[in-house]
Structure formats: C-alpha cells, structure tokens
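A short worksheet on the structure shown next.
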2 protein chains.
Amino acid sequence: MSPRKSDATRRRLLDAATTDFAAHGIAGARVDRIAAAAGVNKAQLYAYFGDKLGLFGAVFRLHADAVVDAVPFTADDLPRYAVRLYEAAIERPELVRLATWAKLEGVVTDNLVTESSAVTVKLQAIAEAQRGGRVTASIDPQDVLALVLAMALTWSAAGLSATAAPDDPPKAHTRRKQALAQAVSGAFRGDQSLNG
Amino acid sequence: MSPRKSDATRRRLLDAATTDFAAHGIAGARVDRIAAAAGVNKAQLYAYFGDKLGLFGAVFRLHADAVVDAVPFTADDLPRYAVRLYEAAIERPELVRLATWAKLEGVVTDNLVTESSAVTVKLQAIAEAQRGGRVTASIDPQDVLALVLAMALTWSAAGLSATAAPDDPPKAHTRRKQALAQAVSGAFRGDQSLNG
DNA sequence: ATTTTCTAACTAACTAGTTGGTTGGATTTT
DNA sequence: AAAATCCAACCAACTAGTTAGTTAGAAAAT
C-alpha cells in the first residue's frame, strides 16, 4: 500500500499536461512534448490515459474540482464570491483556459461549468436568497449565476479585455476588485424595482 | 477596371477561412481544408495571404470591422448597447470565437478588443457620461467597458455558461436580454452611492 | 517466477509551405 | 487583322518535417 511509483508518474504527466493544454489547447497540445516535460515515455501516457482526449479530461476534472473546493459560494454575498473568483482566476488561470478551450473546441455539448452537480446547489442557494429579498427576484437564478461568473472573469484568460496578471500593480487589482464588487452589488440588488 | 476574378477568389478564401478558423482555431484550422472548401488551389492561398497566420489576420480584421460598424456605442444607454452586443454575438458568433482563440493562442500581446482606436472613443464617451452623472463615476471607464462587454457576452461562445443560439426559444432570448439590461443598468447606475 | 512499469524504435497518416509549369485573355507588334 | 508577346491567375505534385498512436521487449518490483 505504499505510494506506487506509477502514481508519481501519473502525477508528473498530469502536471505537464496541464501546462501544455492550458498553453496550447487540445489541438495545439503535443503528446510528445507533454511526455518529454514529464520525463515519462509516451507509451506510459497512453497506458494511463487512453488517448489525448482522455488525458485532457483527467486534467480538466482535476482543476475543476480544485476550484470548486477552493472558492466557497455565498449566494447572500455575490460581490464577495465574484471577487474570490477574480482572485482564483488570476492565481491559477489554468482552469479558465482549459474550460474555454474545451468549449471552443466542442468537447462539451453546451455548457460545462453550468452542468456539474455543484451548480444545482448554487442555483438553489440563489433561489433561496431571492425569496429572502437579498437578491433580485426578477432575474432567473441561472442568469444570475451566469452573469456573476462572466463579470468575475472579465479580466481572465477567457475575457476579451486586458488580462489581469498576478504581478500587476496592487493598485490595479484593488481597482478592478472594487469595480467588480460594486457592479455585482448593483446588478443583483434585491430591494428596488428597475425596468430594463 | 472590372472586378478582377482574383477578388472573387480572395473572397471565397476568406469565407472558407472564417468558417474553419472559427470552428477549429488557428492551430486546429487546416490550410488544405480551407482551400478545398473555397475551391481554390492552396498555392493561391499562400500567394494572397502569405501564410496561415496572415490569413487569420485578414479574417479577423474583416469581422472586427463588421461588428464595429454594425453595433453603435451608446454610453448614455449601456443596457441597450449590451443587448445589441448580445444580439450581434448570437447572429454572427464568428468574431467572438476568433477573438477568443486569438487571445488564447497568444497571437496578441494583451488585449485585442480593447486596443483598437475605436475603444478610445468609447472610453471618452463613458467619461463624459460619468461627468453628466448618467454613469457611476466610481468605476474607471476602462472597467466599465470591460464589464459591459463581459456581461453582454455571457452567453456567447467566449462565455463559460450555456451558449445562446439563434434558434433558442424566443422566450429564452427575451429572458436573457431583460436580465442583461437590468443587471447592466444596476451595475453602473450613476445616481446613488453603493459600497462594495 | 511472474506481474507491473518502463522504454526505444517504429508506422501510417497528416502538416504547412513550395515548385515548376499551364491557361486564357489582353496588349503590342507586324 | 493576324501573329507574337505578356501577365495575372491558376494548379498538380512535391518536400521536409511533424503527428497521434503502437509494438515488442528490457528492467524492476513483488
């Protein structure tokens, strides 16, 4: 039951694959490059993960779980959730890049962040916050979540605007986080009626 | 001075390239496939556009111009601008896909929608609306524009949520557009003080 | 001794980009 | 007007290198 050597090999492959898939996408990633970076023979890669897409799937699941575990959802405080997401997307941009590529390359049918079981919980929490008047009830929970996500990832690798980097001046981060919090706060405010 | 035959060839190449680049990205696109789809010999493609990246650049510029021409910017009515963008992104999703891929594949240094000269005009219009109290002054014009863009493209090919399609039920489009307009309206409202 | 983990070498198909030459219509020459 | 010349547009076939995926067997662990 000691940690088998193959587990370390697997791990090294996943790390190298994360880097390569995040940098180049599925079509652009190179199996040889991944194997070389991991210091693992290519045949091992195929033994563990079946094929290139299987490897991508493993990488994707790994990081999706990490983000869900790391960023707690607070339906009663959406601005805070948005800011947490902003920070996570900057510190570890891999998942956003992987997800964006997966979507563009069509390896998922429709939505991918929105289809996991963790999303159901979030939607229910939003609905509850709406009943309590803490989030506007005139926007569907699905759209609330989608918009918060989009706003939080405005400056991420998925966004079309300038991408934020960890080494940006602290003032820039603060400015964006305040803008984000204020915008999210105003967008879903529950105690007033607005017409579009 | 009659329209030269080569113009039609060029056009067919650009059309085919748009489809292929939008569908598969730069690395995923295939020069042979594009030439075949256009009914044009591959050597012509290289004669006209230099190389694969040159072709991508031509395709990208073509669609970027089309969108800037088609979607007028109204700083005094950001919700309306957002809804117009939502509609444009659904009717012709090519540009969003092309831009997203360009950003992911790193063919642009930092920002790409944000670096054109058309953006300067928009930023100035936002600043003016802020001075008039029609847009909140506590968010930098750059961030206002970035957030509006991100919100409008929430359900586009670039977003991580479910992608909207032209043949979605009209009710779904209406629901999303209302949600978008309300959220944008609340996010940048100028006549009240909100703390993040 | 036997199962598991690893590896070098291989293949068949595919890739972006090039070459050398052909076509058909317009311009110039006779 | 007929023949010679010109030229942009066109194309089949090729090159040189890369690609995902496989195989048969060595090394190591149990």
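Excluded from the calculations below are hydrogen atoms, water molecules and symmetry mates; all remaining heavy atoms, backbone and side chain alike, are included. Letters go in sequence order (proteins before strands), and every chain restarts at 1.
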inquiry  = Please confirm whether the shortest side-chain N or O distance from T9(A) to OP1 or OP2 of dC6(C) is below 4.0 Å.
reply    = yes
task = Could you tell me the separation between the CG atom of D7(B) and the C1' atom of dA8(D), rounded to a whole number of Å?
result = 12 Å
query = Which whole-number value in Å describes the distance from F49(B) CZ to dG17(C) C1'?
reply = 16 Å
For V67(A), all residues meeting side-chain contact (heavy atoms from CB on, under 4.5 Å), sequence neighbours excluded = V71(A), R92(A), L95(A)
ask   = For the pair made of CZ in R10(B) and P in dC10(D), what is the distance, rounded to whole Å?
value = 12 Å
ask   = Whole Å only: how far is the OH atom of Y48(A) from the C1' atom of dT7(C)?
value = 13 Å
request  = Output the residues of residues 14-38 of chain A in contact with DNA chain D, where contact means a heavy atom of the residue under 4.0 Å from an atom of the strand; sort by number or write none.
outcome  = A29(A), R30(A), V31(A), D32(A)
remark   = Partner of Y86(B) under side chain to side chain donor-acceptor pair (under 3.5 Å), picked from K177(B), E91(B), R176(B), is R176(B)
inquiry  = Using a strict threshold of under 4.0 Å (side-chain N to carboxylate O), is an ion pair present between R30(A) and D20(A)?
reply    = no
ask   = Salt bridge check: are D65(B) and R61(B) linked by an N-O gap of less than 4.0 Å?
value = no
key: Nearest-nucleotide comparison on DNA chain C, the residue closer to the 5′ end among D51(B) and V40(A)   = V40(A)
ask   = Salt bridge between R131(B) and E128(B), side-chain N to carboxylate O under 4.0 Å?
value = yes
inquiry  = For the aromatic rings, using the six-membered ring if either is Trp, is the centroid distance between F21(B) and W101(B) under 6.0 Å?
reply    = no
task = Rounded off to whole Å, could you give me the CG-to-P distance for the L13(B) and dA16(C) pair?
result = 14 Å
ask   = Between N41(A) (CG) and dG21(D) (C1'), how many Å, whole number?
value = 12 Å
query = side-chain contact (heavy atoms from CB on, under 4.5 Å) with V31(B): which residues, sequence neighbours excluded?
reply = K42(B), L45(B), Y46(B), K52(B)
query = Below 4.0 angstrom from OP1 or OP2 of dT5(C), is there any side-chain N or O of Q44(A)?
reply = no
task = Starting from C1' on dT22(D), measure out to OH on Y46(A) and report it in whole angstrom.
result = 10 Å
ask   = Atom NZ of K52(A) to atom C1' of dT18(D): distance rounded to whole Å?
value = 12 Å
Closest to the K42(A) side chain, choosing from dC11(D), dC6(C), dA20(D) = dA20(D)
